[in-house]
Every structure is written in C-alpha cells, then in structure tokens.
Amino acid sequence: MCDGKKITALSRPVKCMLKYKKIIMLKHTFTILPGVGTRFERHLWREGVFTWEDFLTRIHIPGVSQSRKNIFDREITKALHALEKGDIDYFSIRLHHNEYWRLFDAFHKDAVCLDIETMGGPAGYGEVTIVGMYGRDQMHTLIKDINLDSGTLKDILFQYKLIITYYGRVFDIPFLHKSISGLKVDMPNYDLCFAARRLNIKGGLKKLEAYFGMRREDSITGMDGYDAVKLWGKYIEGDEDALKILLKYNEADTKNLYQLAEVLSMMLSREYGPENINR
DNA sequence: CATGTTGAGGACTAATGTTG
DNA sequence: CAACATTAGTCCTCAACATG
C-alpha cells in the first residue's frame, strides 16, 4: 500500500522551524476568521505570520487593511480566551470537519477514542454489542445486556470533548445514533480514516497499525471485525472465553486509535501546516 | 454483503476586501 | 475608481473505500 505523499523539504530557515516547533497547530490556524480560507491562511504564513500572537504583534500585514486587522485582532483575542477556557465548540463551529485534526494537540487531554462492535449486518441494522472508549489513560467498556445503555454511554462520552474514531463518521457514530435511542453525539469527530487517506495512506485500521509498526498481542492478531461478530455469537451460546477475547480485541482497537491520532496529526501538520508553505 | 462519506475536481455565483 | 484576488456557497461528478 501507501507510498505516503513525500514530505517536501522545509521551505523556511531552520530558525523559523524552531520557533513553531512546539506551538500547537490550532494557533497556526487562521481559517477560524470570517472570510479566511486555506488560501489566505497560506498567504499569512508566507508573510511570516505564523501564529495568532504574530498576527496581534504585527502592526501592518500585507493584504489585511487596517479596519479588517482590527476585526481580526478582536477575533483572535476571543480565540485565545476560548483556548484558555478549553471551549472546543468555539473552534469546531468555525472549522471544516476535515480540519478537526487541528484540534488534537490542543485538546488531546479531552479526547476519547471510540470503537464499537456489532452483531453484524450493514450500518443501522444489527445491534451494538460492545462500546469501547479510551481517554485520559482510562479504558471504558460497555457490554450489551450488562452495562450498555444510553445513560451510561452519555455519562462517559460527555466527559470528553473530542472523539477519535476510525471510519466512525460513516460507521460507528451513525450506528450508535440508530441503535441507542435518545443519543445524540454532536462533539467534533476526528476521523483517522480520512486523515490517513489525505496523506495517501489507505487501508483499514489493522493495515495502518502494521504500517506504523504497532504490534498486537498474539491472541488477537489477525482478527477482524467479522471475527468479532462471530465471537459474540459464541458468547451468547455460553462461551465466556469468547467474550474475553472479544473485549481484548476491542480494547486493542480502541487504544491504538490514540497513538494513530498522534502520529497522523503530526504528519498532517507537517504537510498542511506552516512548515510546508509551498504548494 | 449495504451503506454513506470522502477528497479532488470543476464550474458557477454573489459578495467582500485590497490595492494603486 | 477599476482591476484583481479570494471566499463561501451551491451544484455537479467520480471512483474509492472501510465498517462488523
């Protein structure tokens, strides 16, 4: 698979690099300003305006009139406050959802990885059997007919602000909406599947794990989602060990999302952030 | 298997903003 | 002021694709 798009050489002096090395991607993001798209954002970076602070510090910026500068200064000040308060909504309503990866390094402490298992069938038809959630170094597992219900799910999920999934925008989230009544997940969803595709890395979760050299425990290597369906069937017929394996599988899936989120957001900021100004 | 979403592409429009 | 650049929004197609 995946000859990833080659990471182009750094187009700015190294000293500039060092400057924004430790700065979170969100502070490089100007598309939160009204009327600013990715093109104009690039223009700002090219002008040496790399961060919100840069923007506020500069008296004059080419392409930004004084009156608009004043408006943007106020907006950026608001953004800084929102970031300080941890108000993710301020940003998620101003960002396109394919740019939610930019939220990760700012909000990784409030991020939760989510992965579900079902009884099979296409999205929305079967039932959810397992919901795994992993955030703040904690694993939560909800099991059908034991502790999986709308209330418990909400209690856990809504402690967090950002959801990380693999293909969840298509599968997990719609599936939960259809099968858990009264559930509405409206938190921003950083979907790693599409993040990877944007980097020209294609394949399922397991393929990505292999690509990045992530290992799984022997007992669950080679398993896929369909195996998970079969394991649930065995468990229903009384095989308790089947459930144990299923839980282990789900936990591995869920936890690995976090590492993947880290590496992918790093690669995306290399590719689409101010480090790579050309193109 | 069914499903729905994506990015990338293009092609418009209307509006807004900047510049000399 | 005219010329230019950019954005947001709409529409459209397209094939590719990963989920359990």
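By convention in this document, chain letters (A, B, ...) are assigned in the order of the sequence lines, proteins followed by strands, and residues within each chain are numbered from 1.
Here A:P62 lies in heavy-atom contact (under 4.0 Å) with sugar-phosphate atoms only. Residue-level contact check: A:F40 touches the backbone only, with heavy atoms under 4.0 Å from sugar-phosphate atoms and none from bases. In this structure, A:D115 reaches the sugar-phosphate backbone alone: every heavy-atom distance under 4.0 Å involves primed, P, OP1 or OP2 atoms, never a base. Looking at heavy-atom distances under 4.0 Å, A:D227 makes no contact with the nucleic acid at all. Among the atoms of the strands shown, only primed sugar atoms or phosphate atoms (P, OP1, OP2) are found under 4.0 Å from some heavy atom of A:H97.
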Please walk me through it: do A:S265 and A:M25 pass side-chain contact (heavy atoms from CB on, under 4.5 Å)?
CA-CA 9 Å; A:S265 60; A:M25 187 59 207; over 6 Å; no
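When the side-chain nitrogen and oxygen atoms of A:R197 are compared with OP1 and OP2 of B:dG7, none of them lie within a distance under 4.0 Å. Taking side-chain N and O atoms only, A:R169 has a distance below 4.0 Å to OP1 or OP2 of B:dT6.
Donor-acceptor pairing under 3.5 Å, judged by distance alone, is present between the side chain of A:Y167 and the base of B:dG4.
Note: A:F104 and A:W101 fail the aromatic proximity criterion, with ring centroids not under 6.0 Å apart.
Using a 30° and 60° split on the angle between ring planes, A:Y258 and A:H108 fall in the tilted class, from 30° to 60°.
Comparing atom distances between the A:R68 side chain and each of B:dT18, B:dG7, C:dG20 picks out B:dT18 as nearest.
With respect to the salt-bridge test (charged N to carboxylate O, under 4.0 angstrom), the residues A:E99 and A:R94 do not qualify.
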